[in-house]
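Notes to accompany the following structure.
When a ligand or atom number is given, it counts from 1 through the structure's own listing order. Only this structure's heavy atoms are used, side chains among them; waters, hydrogens and symmetry mates stay out.
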Amino acid sequence: MRINKLSNIIEKGCGAIFGSSNIFYFTGYNGAGVLLYCDGVATLLAPLLEENRALETKGVDVKIYYPTKVSEDIQYTSIIDAIEKITSRNSIFADISSLDASTYLRLSSKFELKDISSQISALRSIKDLEELDIIKKSGEITSVAMRIAIDKATEQVNEKQLSGLIDYTMKTEGAEDYAFPSIVASGENSSEPHHIPTDRVIKEGDSVVIDIGAKYQGYCFDSTRTLLVKKFSNDLKKIYEIVLEAQLEAIDAVSDGIKASEIDRIARNVIEKNGFGKYFVHSTGHGVGIDVHESPYISFNSNDVLKKNMVITVEPGIYIKGKYGVRIEDTMIVTSGKPEVLETAYKLL
Ligand SMILES: [Mn+2]
């Protein structure tokens, strides 16, 4: 039971876990509510409408709170009311990064809060074997969608049609959802890193950035391929080759013990030495798991150190405003040697 891992973080006293991804990580419960952990006892506080789902959760006591007055013998009227009654303490641990501002204000008016967000994200950043298997499957689903998208991209389709086909394919291949809305960015739109697909039809000479990921059994995947449609310019080809070189050099250095900032530096050096440093406008990568962006962070100012069984992306890019952009991204498992890259498609020009 993963819930036992909380005892290392909350040795004594009470903790309240609010983040839905954190609750899912510790219990497998996927609904509204809060996970309380007091002196070794885990209690899932769920609203009435989630009662059935909550009762299926193993390894926790379940207590229901009633946001509406459906009966006279209501014990808890809200999450905060329940936490107050169950803990009866002045001071609690909480994953403060997961709180919205109004919950934070209400909670901090009642309790002294001690933040355990970073301990939980550090724990979640290193995956166990069960998680790695699920992420690999999420990658296989993404891979099917990526290959179909690359095949169909040259058949007179627009960005929205292609992103819809990707979503449909991921779901028919077993995903419950996408990890994030699928990005298909063609031509000048590809210079926008987080472009929202439009009616623009893909045409000859385009750069087409396809950034997609499945969500399978609660776990995300993240992959980007850039397709250059025939008759593309030499300038675009050159940029593609620089991004690919940056990505491959950075991937080659990914290993247990290396600083995440060093991976960012390696990718950035390749792009800078070719004169495109100011067009690489985002960090090199991030951890992937229950959240599509989670610890560790592969950026110049990251203090994270890569460790075995972390799952990360490496995704350098170059974006020339109004003209085109290129990004190439893989998700990989960190090992003590070379990373295990969970490829989705060949990197073809
Ligand atoms: Mn990514």
Side-chain angles (χ1 to χ4, degrees), residues 21 121 124-125 127 131-132 134-143 145-146 149-150 159 163 166-167 170 175 177-185 189-197 207-216 218-227 240 243-244 246-251 253-254 260-261 263-268 270-271 279-302 304 306 310-319 325-334 339-345 347:
S21 299
S121 57
R124 276 177 48 190
S125 70
K127 274 63 182 175
E131 292 180 291
L132 292 178
I134 295 172
I135 291 170
K136 283 179 190 173
K137 177 67 184 167
S138 194
E140 286 166 18
I141 293 167
T142 308
S143 167
M146 183 67 86
I150 289 171
E159 295 170 348
S163 74
I166 289 163
D167 297 346
M170 291 195 296
D177 205 349
Y178 45 71
F180 53 91
S182 300
I183 297 173
V184 176
N189 293 341
S190 63
S191 69
E192 190 63 50
H194 282 166
H195 172 68
I196 297 166
S207 173
V208 186
V209 174
I210 304 171
D211 184 352
I212 64 173
K215 187 153 199 176
Y216 174 74
Y219 284 79
C220 299
F221 201 81
D222 197 2
S223 175
T224 308
R225 288 293 180 267
T226 299
L227 177 69
Y240 187 96
V243 172
L244 183 57
Q247 201 229 10
L248 295 178
E249 274 199 27
I251 290 175
V254 168
S261 59
I263 301 302
D264 184 84
R265 177 83 332 252
I266 290 167
R268 213 162 289 281
V270 172
I271 291 176
Y279 302 102
F280 178 14
V281 294
H282 52 74
S283 59
T284 295
H286 52 85
V288 182
I290 298 166
D291 292 319
V292 68
H293 296 132
E294 59 178 48
S295 180
Y297 295 95
I298 322 296
S299 61
F300 82 100
N301 58 357
S302 173
D304 296 328
L306 299 188
M310 284 181 167
V311 175
I312 63 162
T313 70
V314 173
E315 49 175 311
I318 293 175
Y319 311 90
V326 171
R327 176 166 67 259
I328 306 171
E329 172 181 35
D330 284 300
T331 294
M332 66 206 69
I333 303 169
V334 180
E340 184 181 348
V341 178
L342 306 173
E343 287 185 352
T344 56
K347 295 161 193 169

Exercise for the section: Using 2.8 Å as a strict upper limit, say whether an N, O or S atom of His293 approaches the Mn ion (ligand 1) that closely. Expected result: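 Short answer: no, not a single N, O or S atom is under the cut-off.
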
Practice task
Take Lys127 and Ile134 through the side-chain contact (heavy atoms from CB on, under 4.5 Å) test and state the conclusion after the steps.
Solution key: CA-CA 10 Å; Lys127 274 63 182 175; Ile134 295 172; over 6 Å; no

Minimum-distance N/O/S atom that [X] presents toward the Mn ion (ligand 1):
X      : result
Glu329 : OE2
Glu315 : OE2
Asp222 : OD2

Handout entry: Pair Tyr319 and His282, ring centroids less than 6.0 Å apart
Key =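 Ring centres of His282 and Tyr319 closer than 6.0 Å.
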
Practice task
Return the minimal non-hydrogen interatomic distance between Ile183 and His194, and the atom names on each side.
Solution key: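 Ile183 and His194 have their closest heavy atoms at CD1-CD2, 3.8 Å.
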
Problem - Side-chain touch Lys347/Leu248, heavy atoms, less than 4.5 angstrom - result: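 The answer is yes; the side chains approach within 4.5 Å.
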
